[in-house]
Amino acid sequence: MRVLITGVTGQDGAYLSQLLLGKGYEVFGLVRRSASADVIDERLRWLGIAGKVHMVDGNLTDLSALIRTMQDVKPDEVYNLGAQSFVKSSWQQPLLTGQVTGIGAVNVLEAVRIARPQAKFYQASSSEMFGLIQEPVQSEKTPFYPRSPYAAAKLYAHWMTVNYRESFGLHASNGILFNHESPLRGIEFVTRKVTDGAARIKLGLATELKLGNLDAKRDWGHARDYVQAMWLMLQQETPDDYVVATGRTVTVRDMCRLAFGHVGLNYEEFVKVDPAFMRPAEVDVLLGDPAKAKAKLGWQAETSLETMMAEMVDADLFRHRSRMR
Ligand code: GDP
C-alpha cells in the first residue's frame with residue numbers, strides 16, 4: 001500500500017507516517033520548498049523515521065505538480081493535512097490562508113479526481129468550524145459558525161470534500177478533529193507554549209510566560225491517538241464525516257495548572273495576561289461528542305490530558321537541557 005501525506009512535516013504528518021510505516025505502508029510526503037531544509041524533517045527525526053519517508057517537492061497551491069505527484073506516486077490513500085494551521089495568523093494572512101487551507105484542499109481533490117480517483121481521500125477538517133457554538137456539545141450534526149479566516153477556509157474545504165464524495169463518488173472523508181497536541185505541537189499553539197514556558201521557568205531560562213485569554217475552553221486530545229482515527233476512516237467501506245474528540249473540556253488556566261504543577265510550580269506566579277495574544281474574535285469553548293467515531297470506527301481517545309501534559313513538559317525539559325549542555 002502506498003500513501004501520500006500533505007503536511008507530512010507537521011505534527012499529525014509525523015505521527016501518521018509513524019503509524020502507517022508500522023503497518024507496512026510506503027509513505028510519500030509532500031514538502032514545500034524552504035530555505036530551512038535542514039530543520040524541515042525535525043518532527044520525523046524526533047520519531048526516528050526521517051529516512052523512511054519519501055519526500056516529494058510540491059505545494060498545495062500548485063495543481064499541476066499535485067496531478068503529476070498523483071501520477072508518479074499512485075497512492076492508495078491520500079491524507080490532506082497541509083494547511084496554514086494557526087488561527088491567530090489567519091487574520092494577518094486571510095488570503096494566503098484561503099488559498100492554502102481552502103483552495104489547497106480542492107487542488108488535492110481535483111488531482112485525485114483527475115489522476116487517481118480510486119484513491120481514498122482524508123480531509124483534515126477542524127472543530128474550529130463550530131466557532132460560535134450552536135450546541136453545547138458538538139457532533140457531526142451541529143451547525144457550523146466559523147469565527148476566523150482559518151475556520152472559514154476549513155469550512156469550504158469540508159463542504160468541497162462532501163461535494164466531491166456526492167458528485168464524483170470519491171471515497172472522501174472529513175475528520176472533524178478537536179484540538180490535538182503532543183511534544184511535536186508547534187510552539188505557537190497554547191499547550192506547547194505553556195509546556196515550553198513551564199520548562200524554561202523551571203530551568204531558570206525565563207521568569208514569566210505571557211498568554212492571552214485564559215478562560216478559553218478546549219477539548220484537548222493526543223495527536224498520536226487522533227491519527228488512528230484518520231486511518232480508520234479510510235478503512236471503512238463507505239466514506240463519511242466524523243467528530244474526533246475526548247468529550248472533556250478544560251480552560252487554558254486549568255491546562256496551565258497541570259503543566260506548571262508537573263514541575264512543582266504554581267502557574268499563578270508566572271503566567272501574565274498580555275492583550276497581544278488576544279484574538280479579534282474568540283472561540284470561547286469547544287466540546288466534542290465522539291459517539292459516532294466510537295460506534296462506527298471503534299475509536300476512542302486513550303491519553304488523558306494529565307498524561308499528555310506531563311509528556312509534553314518532560315519533552316520540553318529534555319530539549320532545553322540538551323541545548324544547555
Ligand atoms: P486553536 O483552538 O486552534 O486556536 O488553538 P490554540 O492553541 O492556538 O488556541 C487555543 C485557545 O487558547 C484559544 O482560545 C486562544 O485564544 C487561547 N490562548 C490563550 N493564550 C494564548 C496564547 O498565548 N497563544 C495561543 N496560541 N492561544 C492562546
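In listed order, ligands and their atoms are each counted from 1. All values below come from the heavy atoms of this structure, side chains included, with hydrogens, waters and symmetry mates left out. In this chain, numbering begins with 1 at the start of the sequence shown.
- Scanning for side chain to side chain donor-acceptor pair (under 3.5 Å) contacts around R43 gives an empty result, with sequence neighbours left out.
- At a threshold of 4.5 Å between non-hydrogen side-chain atoms, the residues V243 and Q138 do not count as touching.
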Criterion salt bridge (Lys or Arg N to Asp or Glu O under 4.0 Å) on R218 and E128, from CA distance to verdict: CA-CA 10 Å; R218 288 291 183 277; E128 286 292 316; 3.7 Å; yes

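- Annotation for ligand 1: atoms under 4.0 Å from non-hydrogen atoms of A216 are 14 (O).
- In terms of N/O distances under 3.5 Å, ligand 1 is approached by R218.
- Using the six-membered ring where Trp is involved, F260 and F270 have ring planes that are parallel, under 30° apart on the 30 and 60° scheme.
- Proximity of F86 to ligand 1 is established by a heavy-atom distance of less than 4.0 Å.
- Listed by atom number, the atoms of ligand 1 under 4.0 Å from V87 heavy atoms are 3 (O), 4 (O).
- Between atom CE of residue M233 and atom CG of residue D241 there is a gap of 8.5 Å, rounded to the nearest 0.5 Å.
- Within the listing of ligand 1, atoms 1 (P), 2 (O), 3 (O), 5 (O) sit less than 4.0 angstrom from a heavy atom of N179.
- Ranking protein heavy atoms by distance to atom 20 (N) of ligand 1, first place goes to G212 N, 2.8 Å.
- The shortest contact between atom 1 (P) of ligand 1 and any protein heavy atom is with E128 OE2, 3.4 Å.
- Between V190 and ligand 1, at least one pair of N/O atoms sits closer than 3.5 Å.
- Counting heavy atoms closer than 4.0 Å to ligand 1, residue E282 contributes side-chain atoms (C-beta onward) but none from N, CA, C or O.
- Around the CZ atom of F86, the shell of radius 6.0 Å holds more than 12 heavy atoms that belong to other residues, nucleotides or ligands.
- Annotation: side chain of L60 is in contact with side chain of N80 (closest heavy-atom distance under 4.5 Å).
- Protein heavy atom nearest atom 26 (N) of ligand 1, with residue, atom name and distance: E188 O, 2.9 Å.
- The nearest protein atom to atom 8 (O) of ligand 1, hydrogens excluded, is given as R279 NH2, 2.8 Å; this is a heavy-atom distance.
- Judged by distance alone, the side chains of Q123 and N174 never bring a donor and an acceptor atom under 3.5 Å apart.
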